[in-house]
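Reading through the structure tokens given below for one structure.
Residue numbers start from 1 in every chain, and the chains themselves are labelled A, B, ... in the order their sequence lines are given, proteins ahead of strands. Note that the structure is a prediction, hence the values are computed from the model and not measured.
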Amino acid sequence: MLQLQVLRENPEEIIKHLAIKHFDGGEIIPNIIALDDRRKETQKQLDDNLSQANILAKEIGVLFQTGKSAEANKLKERTTDLKNTSKELSINLESTKKELDELLVRVPNLPHSSVPPGNSAEDNMIVLEEGKIPVLPDNALAHWDLAGKYNIIDFNLGVKISGAGFPVYKGQGARLQRALINFFLDKAIEAGYAEVQPPLMVNSASGYGTGQLPDKDGQMYYMPLDDLYMIPTAEVPVTNIYRDVILKEADLPLKNVAYSSCFRREAGSYGKDVRGLNRLHQFDKVEIVQITRPEKSYQTLEEMREYVSGLLRNLELPFRILKLCGADLSFTSALTYDMEVYSSAQKRWLEVSSISNFETFQSNRMKLRYKDDSGKIHLAHTLNGSALALPRIVAALLENNQTEKGIKIPEALVPYTGFTAIHN
RNA sequence: GGAGAGAUGGCAGAGCGGUCGAUUGCGGCGGUCUUGAAAACCGUUGAGGUGCAAGCCUCCGGGGGUUCGAAUCCCUCUCUCUCCGCCA
């Protein structure tokens, strides 16, 4: 949620800026400002009213205590009007605030000045391409076929138990999952991230805090009986640890890493995008989250990008980094790098990580603040990124590393898998 | 799931319906003292809205009510704790 104060300062500039995200703020922004004016006005009237009532109440108190109940009772009559007006004004104020809030949450985050314009994912800017793309023989198999050949991932069994998008990992496939999770966690801890294990279900306040609600309501699994949402990413519970928290400046940057299963309804997906491991309802991910001082956040974003690049180098996967253009940038993000690995049998790039700076968009909603050395309170910046999401990494590993004798495990992973190849 | 107790500032813990945004202790910060530190002593120390400012207003788990006036009384919800039941 954008800060009202920022919005008021230069609405024209904001509207122009939001256009990069293809968001038309021409109407909503002036409406928000008008509503805020109304809010201030009503608040002022209410405050004055309450102030008068408070003064009267005190006078009445003194009169009663000094035994002048006749005068007190006379004064009482004067409070009736004030009470009625206050009641009216506070109802008015509440509805104005609600209206204001409803508009405010519909405005996306401002894109960073370096965000390239664009009309679709085609316009994302490739900032780096690294690693050798393997040339596979013509009979190379896609990962869903390899999964069957080596009996390591059973998609049909998942369908039987749950439905499409819930694969069952078996044998060396399950071991590989465990290896990747531990490898990613160990690396993150090495890089100074503190590990947390968060709940996999969250309440709606947390959903609002990180911006999944109300924007992506239909994308989360929801359990009405208990009013809980299955997390689509560990970003939600981990960032919400710091909801309504005032940190000390010395605590920053705050770095957390969490492994979690992630659950996504993926309503509206179809076709080759969802084949095999490409898009699942349940998958595993290691997520890194940082909370920083505003002036440090872009430096941190670059560090996180470099960190994730290091993981991909360790896994010996060819990858590229995209800077998302305005059209592809998410609602909450100011700047996002997507990391993609090349899956050589599918012959396509697969997104395995998305690293974003949300600036104060999340922290403003969450009231995540820090106190500086002089005692002043500021909103912190929040950032997060996958480091990494498993399924597409597995897809690329299987496809890129397939040989006659089985699937070769990258060296860095061998201590974790306990085997050097997947074979029958 | 059943019965009971409770929810107050970073923590602990007071608070007859009227000067309580809240006693006190600890912690934090500043100072005196000290070569430095500790101890002791003094001072200071919640958040938000609005305003140039002084100030005014709101917040004692959430919501509602009684009252001229609520941290204090009533209703309700949520959560925590204790006991019982069930149980990885």
### Task
With heavy atoms under 4.0 Å as the rule, sort A:Lys68 into base, sugar-phosphate or nothing.
nothing

### Query
Base, sugar-phosphate alone, or nothing: which one does A:Arg78 contact when heavy atoms must sit under 4.0 Å apart?
nothing

#### Entry: Nearest-Å distance for atom pair CD/P, residues A:Gln52 and B:C57
11 Å

### Message
Using the P atom as the point on both nucleotides, what is the distance between B:U8 and B:U23, in whole Å?
### Response
16 Å

### Query
Should the pair A:Tyr370 and A:His378 be assigned to parallel (<30°), tilted (30 to 60°) or perpendicular (>60°) ring geometry?
tilted

### Any side-chain heavy-atom pair of A:Arg279 and A:Arg392 under 4.5 Å
yes

#### Entry: Atom-to-atom span, CZ of A:Arg369 to C1' of B:G10 - whole angstrom
14 Å

### Message
Say we look at B:U19 and B:A70: how far apart would their P atoms be, to the nearest angstrom?
### Response
10 Å

#### Entry: CZ (A:Arg78) with more than 12 external heavy atoms under 6.0 Å
no

### Task
Sort by first number and list every stem of RNA chain B: at least 3 consecutive Watson-Crick or G-U wobble pairs, both distances under 3.5 Å.
B:1-7 with B:78-84, B:10-12 with B:24-26, B:27-32 with B:40-45, B:46-50 with B:55-59, B:61-65 with B:73-77

### Task
Could you give the distance separating B:C75 and B:A5 at their P atoms, to the nearest angstrom?
13 Å

For nucleotides 66-74 of chain B, print each protein N/O atom paired with a nucleotide N/O atom at under 3.5 Å, atom names and distance only.
unit_1 : atom_1 : unit_2  : atom_2 : d
B:G69  : OP2    : A:Lys83 : NZ     : 3.4

### Task
Classify the nucleic acid contact of A:Lys97 as base, sugar-phosphate or nothing, counting any heavy atom under 4.0 Å across all strands shown.
nothing

#### Entry: Atom C1', compared across B:C41 and B:C33: separation rounded to whole Å
9 Å

### Query
Touch check for A:Ile377, heavy atoms < 4.0 angstrom, all strands: base, sugar-phosphate only, or nothing?
sugar-phosphate

### Task
Let me know the distance between CD1 of A:Ile246 and C1' of B:A47, rounded to the nearest Å.
6 Å

### Pairing of A:Lys97 and A:Asp101 as salt bridge, 4.0 angstrom limit
no

### Message
Regarding A:Leu50, tell me which of base, sugar-phosphate or nothing describes its non-hydrogen contacts under 4.0 Å with the strands shown.
### Response
sugar-phosphate

### Task
Measure the distance from CD on A:Glu94 to P on B:U58 and round it to the nearest whole Å.
14 Å

### Query
Atom CG of A:Asp48 and atom P of B:C56: how far apart are they, to the nearest Å?
12 Å

#### Entry: Closest-nucleotide 5' rank along RNA chain B - winner of A:Val62 and A:Lys44
A:Val62

### Query
Charged N to carboxylate O under 4.0 angstrom, A:Glu71 versus A:Lys74?
no

### Task
Please name the residue in the list A:Val238, A:Asn384, A:Asn256, A:Val257 that meets the side-chain contact (heavy atoms from CB on, under 4.5 Å) test with A:Ile288.
A:Val257

## Note on the structure
Atom NZ of A:Lys371 and atom P of B:G10 are separated, to the nearest Å, by 9 Å

### Task
Walk me through it: do A:Phe319 and A:Val352 pass the test side-chain contact (heavy atoms from CB on, under 4.5 Å)?
CA-CA 10 Å; A:Phe319 68 96; A:Val352 291; over 6 Å; no

### Identified side chain to side chain donor-acceptor pair (under 3.5 Å) partner of A:Glu41 from the options A:Lys44, A:Gln45, A:Arg39
A:Gln45

### Message
Please determine whether the number of non-hydrogen atoms from other residues, nucleotides or ligands lying under 6.0 Å from atom CD of A:Glu102 exceeds 12.
### Response
yes

### Query
Taking the same atom, C1', in B:C60 and in B:A12, what whole-Å distance lies between them?
16 Å

### Message
Rounding to an integer number of angstrom, what distance separates B:A14 and B:U72 when you compare their C1' atoms?
### Response
13 Å

### Query
In whole Å, what separates the C1' atom of B:G9 from that of B:U44?
15 Å

### Query
Looking for any heavy atom pair under 4.0 Å, which part of the strands does A:Asn54 touch: base, sugar-phosphate only, or nothing?
sugar-phosphate

#### Entry: Parallel, tilted or perpendicular: ring planes of A:Tyr229 versus A:Tyr222, cut at 30 and 60 degrees
tilted

### Task
Calculate the interatomic distance between A:Arg39 atom CZ and B:C57 atom P; express it in whole Å.
18 Å

### Test: A:Glu59 and A:Lys68 ion pair at under 4.0 Å
no

#### Entry: B:U78 to B:C11 separation - P atoms, rounded to the nearest Å
24 Å

### Query
Please give, in whole Å, the distance from B:G49 C1' to A:Lys40 NZ?
10 Å

